[in-house]
S.K.: 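Pasting a structure here, questions to come.
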There are 2 protein chains.
Amino acid sequence: MVVNIKDVARQAGVSIGTVSRVLAKNETVGPALREKVEATIRELDFKPNHVARGLRRRRTDMIGLVIPDITNPFFAELAKHVEAIAFRSGLSVLLSITNDDPEIEVAQIESLLKSRPTGLIVVPIQSGQSQGWKGDTSTVVVDRRLVGHGLLSVDHHGGAALAADHLIGLGHRRIAYIAGPADAPVSRARRAGFVDHLKAAGIEPEIVEGHFDYVSGEALGRRLLDRAPERRATAIATANDQQAIGLLRAADDLGIKVPDQLSVIGFDDIPLASLITPRLTTIGQPVEEIAKRAVAAALDGSGAAAGKDDLLSGVLVVRNSTAAVGVEISA
Amino acid sequence: MVVNIKDVARQAGVSIGTVSRVLAKNETVGPALREKVEATIRELDFKPNHVARGLRRRRTDMIGLVIPDITNPFFAELAKHVEAIAFRSGLSVLLSITNDDPEIEVAQIESLLKSRPTGLIVVPIQSGQSQGWKGDTSTVVVDRRLVGHGLLSVDHHGGAALAADHLIGLGHRRIAYIAGPADAPVSRARRAGFVDHLKAAGIEPEIVEGHFDYVSGEALGRRLLDRAPERRATAIATANDQQAIGLLRAADDLGIKVPDQLSVIGFDDIPLASLITPRLTTIGQPVEEIAKRAVAAALDGSGAAAGKDDLLSGVLVVRNSTAAVGVEISA
DNA sequence: ATGAAAGCGCTAACAT
DNA sequence: ATGTTAGCGCTTTCAT
C-alpha cells in the first residue's frame, strides 16, 4: 500500500493542509510541526503523488520535448541538456520523437498535451501552420522555424555564411553544397546563407539535396565526386556534420584526399566531428545555452515562447578537413 | 477555457459516465449515443485530461526510461525504439538521464515514481542493491545487471567471446583489450567473455580500462600503440564502438594502418560503425527486439520485469577493420 | 444500456 | 499558524 498525505497527517497528528504546506516548503509552518512532519515523511517513506497535485494545480511539473530524431547527435545533445536543466528545476521530461513525420508530430503533440505539461519545447519538422495548442502550455520552438511562433536557434543563415567565407578565404572557387530536405526551414536557412554569400562573391555552387544523415551525405558525396578532378568541386559544404562525415567516407572510397584534394565543412560541431579523420571543420552551435533558454522560456512563457526570435551566433571551428586550394596543386 | 468531460456530457445530453465509456471504447454504449458523443467530442475538440484519469486509475499511461547517457548512440537507438513502440501503444515516455552518477540515478527514479508510471525501463549504472520501488510499477532492467532483478540484454559475455574467436581465427596472438569502467557490470561481462576465451586459447591479453566514449578509446589506444611494432598488439578489441572509433583515430595519428598493421573490433554496431574508415568490425545488438521486449515487460510485468533473465544473442558483423595477421607481413 | 455518485490524493481558499 | 473543506476531471461501482 502506497502511503498518502492523509497517512502522514494522521501519523504526525496534524492536518493534511499542514503536510501540504511542508511539502510546498514556502508556507508558514511552525518549526516544531515542520520537523515533526518531515520526520514522519521520512519514517513512512512518503512520496507525494504528482498526478494528484497535477490535477489540482491544472498542470504538471513536466515539460514536453518534441524532436525529430534522437539518434541525431545534435538533438541528443540538446535532449541531454534540456533533461539536466529540467531535472535541476524539479521537472520531468516527456520525450516525443516525430521521426520527421508531420502526422506523427501532430499526434505526438496532442498526446503530450493530455498530460498537461507546464511547457513544450518543440523542434518542428515543417514550418506549416501553428497548431492552436492550449494557452496555458507555453511553447518554445527551437532550431527550426514554425510560423506564428518565435524561434530559439543558432543563426543558421549567419553560420552558413561563415562557412562560405571560410571556403572563399581559402581560395576555393569550384564549390558544391549538400543541402538538407527542402521542406525543412533549417535546410533552407542554411542553404540560403551559404549560397547567397557565395553568389555575392560571384560563385555559383552546385547544389544537391538529401536528408540530414550519414547515408545521404555519402550517396550525394559520391554523386558529386565521382567524376574527373577538373570537373569536380575543390570544396564541399554540407547542411550538417553527419552529411559531412558521410561525404568524407565517399571521398575516401574514391581515393580523394581530404583536405589536399577536397575541403569539407560541416555544421553543428557534434562531438564526433573532432574525432574522425580528418578532424572536421564545422560551424559550432551553443547547444547548452539553447537548452537553458528553451527550458526557461517553456517555464515562464518568456523569450521565444512569447513570440520573440532569439538567435544565437554560431562559431567557425577550423580543424583539418579544410585547406587552401593551392595545396592541391602542390600535391 | 479547456473543455472537459462534463461539457461534452452536457452538450451531448448524456451523463459523464456515458462519455467516459465512449472514451474507453470497450464499454457497452448504444450506437446512437455513441455517435452523438463522438460528434460532440470532435465538435468541442475535447482532449481527455490524462492527469485526472491517472489519478483515478492510480497509474498513468507513461513509462519511465532511465538511461545513463542519451548521446551514446546505443542508448539513443534504444530510446528511439522504446519511444516508437510506446507511442503505438498509447503511452508516453518520461526520460531520465543519470549521467553515470549513482546519486542522480536514485533521485531520478524517485522523481519518476511520483508520476505513477505504468512501468519503468532502467539501464542502471551500478549493480548495487535494488531500490525497493513500488510494487505497482513494474521495472525492467536492461543492458546492465542490477542485483535482485531479471536482466534483459544482449549476451555481453557471449558476444565478447565471439569477438575473441574472430581475432583468434584470424591468427592474432598479441591481443589487447580496452575495457569499460570496472564498476559497470556490462564492462565486467564483456571483459570476462573476451579474456576468458582468450585464456582458454592460451593467450594473455594486455588490458587497459576507461570510459565508454571516444575520448577514452583514443587516449587508451595511444597508450597501447605508441611503442615499437614488435611490442604492440596486432589486434585490439574494445568494450564498445565509440572506444573503437577513438582507437582508430589514435592509430591513424600514429601512422598505423588498420587493418594491415592492426585489427580493431568493437561492440554494439552503432550506425556510425559502418560509415567510418575503415568500416568497423563489431558485435551487433538486436536493439529493436530489446526495446520491444522492454516495453512489453514494463507494461505487464512479465519477462525480465518478473525477475527472469532474457538474454539475446549478439551477432558478429565483419567489416574492414579486422584482417588476418599475415597481412602485416606481406605489407 | 445508461445515470448517479463516490472518490483518486492533493492544493488552495477560507475559517479560526 | 493551523485546520477544514471544496473541488481538479476523470473512472468505476452501484442502481435503475
Side-chain angles (χ1 to χ4, degrees), chain A residues 1-38 40-41 44-62 90 111 113-118 134 136-137, chain B residues 1-38 40-41 44-62 90 111 113-118 134 136-137:
Chain A
M1 187 41 208
V2 176
V3 352
N4 61 26
I5 200 173
K6 236 162 120 181
D7 300 324
V8 175
R10 190 181 332 105
Q11 176 80 8
V14 299
S15 74
I16 62 170
T18 299
V19 179
S20 178
R21 285 176 195 114
V22 171
L23 253 30
K25 268 181 174 55
N26 57 344
E27 297 291 332
T28 54
V29 180
L33 279 196
R34 146 159 282 124
E35 271 172 43
K36 177 109 192 82
V37 170
E38 280 168 349
T40 310
I41 288 176
L44 299 184
D45 193 30
F46 166 61
K47 300 272 186 296
N49 184 326
H50 272 38
V51 182
R53 166 212 288 250
L55 175 58
R56 175 61 225 231
R57 305 214 315 195
R58 316 180 71 134
R59 67 189 161 81
T60 58
D61 284 336
M62 304 196 283
S111 170
L113 256 13
K114 291 179 181 166
S115 293
R116 303 293 189 268
T118 296
K134 307 299 180 309
D136 46 348
T137 299
Chain B
M1 188 39 208
V2 176
V3 352
N4 60 26
I5 200 173
K6 233 162 124 182
D7 300 325
V8 175
R10 190 183 330 107
Q11 176 83 6
V14 299
S15 74
I16 61 172
T18 299
V19 178
S20 177
R21 287 177 193 111
V22 171
L23 253 31
K25 267 185 176 55
N26 55 346
E27 298 289 333
T28 54
V29 181
L33 278 197
R34 146 158 281 124
E35 273 172 41
K36 176 111 191 83
V37 170
E38 279 168 349
T40 310
I41 287 176
L44 299 184
D45 191 31
F46 166 61
K47 300 274 186 296
N49 183 326
H50 271 39
V51 181
R53 168 212 285 248
L55 176 58
R56 176 60 226 230
R57 306 213 317 194
R58 315 181 73 136
R59 67 189 160 84
T60 57
D61 285 337
M62 305 196 281
S111 170
L113 256 13
K114 291 180 181 166
S115 293
R116 302 293 188 268
T118 296
K134 308 295 180 311
D136 47 347
T137 298

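Note that the structure is a prediction, hence the values are computed from the model and not measured.
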S.K.: Does Asn49(A) make a side-chain N or O approach to OP1 or OP2 of dG9(C) shorter than 4.0 Å?
M.R.: no
S.K.: Quick one: on DNA chain C, does Ile5(A) or Gly17(B) contact a more 5' nucleotide (nearest heavy atom)?
M.R.: Gly17(B)
S.K.: Side chain of Asn4(A), heavy atoms from C-beta onward: which of dC10(D), dG9(C), dT2(C) has the nearest atom to it?
M.R.: dG9(C)
S.K.: Would you say Val14(A) and Val37(A) make side-chain contact, with heavy atoms under 4.5 Å?
M.R.: yes
S.K.: Send over the distance from Lys6(B) NZ to dG9(D) C1', rounded to a whole Å.
M.R.: 9 Å
S.K.: Whole angstroms only, please: what is the CZ-C1' distance between Arg53(B) and dT12(D)?
M.R.: 13 Å
S.K.: Just checking Leu33(B): base, sugar-phosphate only, or nothing, at a heavy-atom cut-off of under 4.0 Å?
M.R.: sugar-phosphate
S.K.: Nearest whole angstrom, please: distance from the C1' of dG9(D) to the CG of Leu23(B).
M.R.: 11 Å
S.K.: Just to confirm, is there a sub-4.0 Å distance from OP1 or OP2 of dC10(D) to any side-chain nitrogen or oxygen of Ser20(B)?
M.R.: no
S.K.: What contact category does Val19(B) fall into here, base, sugar-phosphate, or nothing, at under 4.0 angstrom with non-hydrogen atoms?
M.R.: nothing
S.K.: Given atom CZ of Arg57(B) and atom C1' of dG9(D), what is their separation to the nearest angstrom?
M.R.: 14 Å
S.K.: Counting side-chain heavy atoms from CB outward, which of dT2(D), dC10(C), dA1(C) is closest to Thr28(B)?
M.R.: dA1(C)
S.K.: So how far is it from Asp7(A) CG to Thr40(A) OG1, rounded to the nearest 0.5 Å?
M.R.: 11.0 Å
S.K.: For Arg116(A) and dC8(D), give me the distance from atom CZ to atom P, rounded to whole Å.
M.R.: 14 Å
S.K.: If the condition is salt bridge (Lys or Arg N to Asp or Glu O under 4.0 Å), which residues does Arg53(A) pass it with, not counting sequence neighbours?
M.R.: Asp61(A)
S.K.: In the structure I gave you, are the side-chain heavy atoms of Gln11(B) and Leu44(B) within less than 4.5 Å of one another anywhere?
M.R.: yes
S.K.: Do Arg21(B) and dG3(C) have a side chain to base donor-acceptor pair shorter than 3.5 Å?
M.R.: yes
S.K.: How many whole angstroms separate atom CZ of Arg56(A) from atom P of dA12(C)?
M.R.: 6 Å
S.K.: Please tell me which of the listed nucleotides, dT11(C), dT11(D), dC8(C), lies nearest to the side chain of Leu55(B)?
M.R.: dC8(C)
S.K.: Answer with base, sugar-phosphate or nothing: what part of the nucleic acid does Gly30(B) contact at a heavy-atom distance below 4.0 Å?
M.R.: sugar-phosphate
S.K.: From CZ of Arg58(B) over to C1' of dG7(C), roughly how many Å is that when rounded to an integer?
M.R.: 10 Å
S.K.: Would Lys114(B) and Val51(A) count as a side chain to side chain contact (heavy atoms under 4.5 Å, CB included) here? Give the steps.
M.R.: CA-CA 7 Å; Lys114(B) 291 180 181 166; Val51(A) 182; over 6 Å; no
S.K.: Specify the angle, to 10°, made by the local axes at the two ends of the helix from dA1(C)-dT16(D) to dT16(C)-dA1(D) when five pairs are taken at each end.
M.R.: 40°
S.K.: For dT2(C), does OP1 or OP2 lie under 4.0 Å from any side-chain N or O of Ser15(B)?
M.R.: no
S.K.: Rounded to the Å, how far apart are Asp7(A) CG and dC10(C) P?
M.R.: 9 Å
S.K.: For Thr18(A), give me all partners under side chain to side chain donor-acceptor pair (under 3.5 Å), at least two apart in sequence or on another chain.
M.R.: Ser15(A)
S.K.: Are Arg116(B) and Thr137(B) packed together at the side-chain level, in the sense that at least one heavy-atom pair is separated by less than 4.5 angstrom?
M.R.: no
S.K.: With respect to Val19(A), which candidate in Val29(A), Asn4(A), Leu33(A), Val8(A) satisfies the side chain to side chain contact (heavy atoms under 4.5 Å, CB included) definition?
M.R.: Val8(A)
